[in-house]
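Structure first, then comments.
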Amino acid sequence: MSSKVSGLLEKGEEEEEEEEEEEESINPTEVKMSQIVMPCHSNHQQELSVGQLLKWMDSTACLSAERHAGSPCVTASMDDIHFEHTIRVGQVVNIRAKVNRAFNTSMEVGIHVICEDLFCGRHWRVCHAYATFVTQRTNTGKKVILKPIVPRTQKEQVEYSVAAERRRVRMVHDDIIKDLLSHGAIQHGRLDDAVAAERTKVESVELVLPPHANHQVTTFGGQIMAWMVNVAVIAASRLCQAHPTLRTIDMFTFRGPSQVGDRLLLKTIVNNTFKNSMEVGVRAEAYQEEGSNRHINSAFMTFEVLDDHRKPRVLPRIRPEPLEGERRFQEAIARKKIRLDRKYIISCKQGEVPLSVPWDPRNQVYLSYNNVSALKMLAAKNSWRLSSEKNKVRLYTLEQKSMLSFRVESEVDVPAQRAFGLLAELSNRPSWDTHYQRCELIHQVDDDDFLYRVVTPSVCRGILQDFILLASKRMPCSHGDPYVIALRSVSLPTHPPTEHYNRGEVLCAGFTIHETQNNIYYNQASPEVIPYISTDIAGLSSSFYHIFSSVCFTSVNCRLNVYKIVSPT
């Protein structure tokens with residue numbers, strides 16, 4: 001099996017990338033819904049009820065999932081939802097959903113919600129969410145195996161590729177909270193003047209009737225969420241004695257189905273407050289006239305209370321109930337930490353976060369996600385231009401605003417899995433890459449993530465450079481996926497900058513290796529990389545090609561030739 005290898009490097013300042021124009025392509029799984037907000041859909045402030053919006057979102061996403069599956073589907077989970085704006089009566093809600101990727105029996109559906117003002121012609125984003133749907137078994141009890149999704153545009157390719165990383169994060173979500181809590185009890189100081197959490201407790205029962213069921217005669221997931229939002233608003237209002245605004249709903253999972261005739265018991269309470277926001281927990285249980293309660297779902301929602309200037313008000317502190325209340329109080333603090341990690345590591349574009357994000361075990365999952373997804377996003381761009389070629393090594397460049405990226409591509413007779421194994425051993429890199437003088441393993445986080453300290457030659461002033469890198473490797477999730485090795489800078493308190501080395505930073509670097517007839521290898525790095533590669537881009541030097549070519553055909557004829565450049569700050 002032959003492997004085609006290419007390297008990507010990116011140079012640029014911290015700024016947002018422009019969205020590239022793409023030719024219109026009809027996605028067969030895409031479903032659109034437009035609804036005008038009527039008074040019956042609104043709350044007391046003449047704003048669209050979030051519960052109603054969730055019902056519309058879930059319905060649109062379900063139709064998209066079923067269009068792809070060709071069989072009934074149910075909502076399995078929903079990722080974090082951040083509501084950026086409210087929607088008023090008379091405005092139009094435009095919802096678009098399409099399947100990003102299908103796994104064996106589950107699929108990820110992306111949901112975009114846009115608000116439209118018919119009178120001024122303005123459009124603005126309300127929220128963007130990812131839902132996971134699963135197929136129902138056939139009458140014979142067999143699982144429905146889904147056909148794969150074929151991305152048609154650059155954006156679809158990015159969503160398809162990164163969906164595997166999002167799935168990885170979902171699978172360890174509960175473990176992250178347990179790990180945060182295992183570090184010890186969280187202190188919350190004196191709470192003498194705090195409001196007792198018992199005052200915010202709400203219990204409500206809903207009878208599931210035929211209008212609440214979907215076409216499969218099970219309770220509509222969006223309807224359950226709407227009921228949960230309703231009781232959460234009551235609990236939040238009891239604490240602040242004002243009208244709260246729902247800002248976020250944390251990732252949640254449906255644990256089991258509910259049917260027509262079920263009674264849904266909804267329990268809610270304010271778990272904790274954080275100066276300008278509060279977390280409300282809701283638990284949904286289903287039961288029949290006989291039998292025990294079944295846990296259907298739990299959700300955690302963040303509310304704010306806005307003043308007359310639309311600024312968040314300071315909220316009273318909460319005094320938790322003994323035992324279970326203390327547990328919920330501490331878990332709310334852990335979830336707030338996770339929300340911050342998601343906001344500043346996952347949700348932001350590369351230019352919106354510092355290069356060297358502080359590393360600790362509690363944000364490792366999100367740093368690893370950001371590391372891999374950033375490389376996949378660069379690899380999916382379709383505007384690369386061939387700059388030069390020599391000895392079957394091709395150098396491509398991509399310019400966007402003040403961002404310069406480059407990719408190196410080569411074909412070698414090495415199986416992709418063998419190349420992946422060789423390249424993943426970063427400690428061996430100095431033996432074939434002259435830009436790596438030393439590479440020491442600082443810490444093996446797990447089987448897929450490692451922390452390294454790399455020393456490279458000096459570019460100026462005669463001082464060696466060093467880098468603290470997080471290396472994340474990924475095996476293919478399914479046929480056609482690449483092997484991935486991603487690198488990015490992190491900061492460690494145990495390895496601060498010293499006067500003997502010029503501390504460098506890497507925005508994102510790494511490799512993707514495809515095991516097909518046209519396998520590609522990518523490498524990406526950060527802004528100050530130009531001193532290493534500019535002469536090769538201009539055609540004034542071929543040192544880059546010599547380094548890239550030498551490793552492919554030396555040693556035991558199986559080591560891939562790679563070229564990895566990192567840069568000083």
Side-chain angles (χ1 to χ4, degrees), residues 5-12 157-169 172 341 345-346 348-351 353-357 359 363-381 405-409 416-417 419-429 433 436 439 441-454 467-477 481-491 504-515 519-527 529 560 562-567:
V5 180
S6 64
L8 289 187
L9 291 151
E10 176 173 339
K11 178 189 183 301
Q157 178 60 52
V158 169
E159 292 287 8
Y160 176 89
S161 183
V162 180
E165 279 302 299
R166 286 191 289 264
R167 183 173 184 242
R168 182 187 180 94
V169 172
V172 299
D341 286 342
I345 298 177
I346 288 184
C348 295
K349 295 182 180 179
Q350 284 177 277
V353 293
L355 298 186
S356 294
V357 177
W359 181 89
N363 69 2
Q364 163 60 27
V365 171
Y366 306 112
L367 278 174
S368 181
Y369 170 93
N370 177 270
N371 194 12
V372 175
S373 62
L375 181 61
K376 289 184 174 182
M377 289 177 184
L378 184 63
K381 294 186 181 298
S405 306
F406 70 85
R407 178 181 85 192
V408 181
E409 182 178 299
Q417 185 173 5
F420 174 73
L422 292 168
L423 294 173
E425 292 294 333
L426 211 63
S427 299
N428 296 332
R429 187 116 177 218
D433 189 346
Y436 272 51
C439 182
L441 176 64
I442 299 175
H443 176 56
Q444 180 174 342
V445 182
D446 51 36
D447 292 340
D448 298 321
D449 297 280
F450 307 81
L451 293 170
Y452 289 95
R453 177 176 179 263
V454 176
F467 305 83
I468 306 300
L469 300 179
L470 169 65
S472 305
K473 64 178 184 178
R474 298 287 187 271
M475 297 285 285
C477 181
D481 282 355
Y483 294 85
V484 175
I485 307 165
L487 306 167
R488 67 157 296 154
S489 284
V490 294
S491 58
E505 291 188 315
V506 175
L507 177 62
C508 177
F511 317 93
T512 66
I513 308 167
H514 296 258
E515 193 167 15
N519 295 306
I520 301 177
Y521 166 83
Y522 292 95
N523 187 1
Q524 177 189 8
S526 58
V529 70
L560 283 179
V562 294
Y563 186 71
K564 168 74 167 61
I565 304 177
V566 290
S567 57

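Taking the side-chain hydrogen bond (donor to acceptor under 3.5 Å, both in side chains) definition, one finds that Gln157 meets it with nothing, sequence neighbours left out. Under the ring pair (Phe, Tyr, Trp, His ring centres under 6.0 Å) criterion, Tyr160 pairs with no residue at all, not counting sequence neighbours. Residues satisfying the side-chain contact (heavy atoms from CB on, under 4.5 Å) criterion with Glu425, sequence neighbours excluded, are Asn428. The side-chain hydrogen bond (donor to acceptor under 3.5 Å, both in side chains) search around Arg453 returns Glu440, Asp466, not counting sequence neighbours. Checked against side-chain contact (heavy atoms from CB on, under 4.5 Å), Val445 has the following partners two or more places apart in sequence or in another chain: Trp359, Gln364, His443, Asp449, Leu451.
In summary, of the residues considered (Val169, Val357, Asn371), a side-chain contact (heavy atoms from CB on, under 4.5 Å) with Tyr366 occurs for Val169 alone.
Under the 4.5 Å side-chain criterion, counting only non-hydrogen atoms from C-beta, Ser472 is not in contact with Ile485. For the pair Leu375/Arg488, no side-chain contact is recorded, criterion being any heavy-atom separation below 4.5 Å from C-beta on.
Across Ser489 and Val506, no two heavy atoms sit closer than the pair OG-N, 2.5 Å. For the pair Val484 and Phe420, the tightest heavy-atom approach, listed with the atom from each and the gap, is O-CE1, 3.5 Å. Here the closest heavy-atom approach between residue Tyr452 and residue Ala424 is recorded as OH-O, 4.0 Å. Minimum heavy-atom separation, Leu426 to Leu487: CD2-CD2, 4.0 Å.
Proximity of a side-chain donor or acceptor of Lys376 to a complementary backbone N or O of Ser161 within less than 3.5 Å is detected.
Taking OG of Ser368 as the reference point, atom CD of Glu165 lies at 6.0 Å (rounded to 0.5 Å). Gln417 CD to Ile513 CD1: the interatomic distance, rounded to the nearest 0.5 Å, is 10.5 Å.
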- Task: Could you walk me through whether Phe467 and Glu505 pass the side-chain contact (heavy atoms from CB on, under 4.5 Å) test, one step at a time?
- Result: CA-CA 6 Å; Phe467 305 83; Glu505 291 188 315; 5.7 Å; no

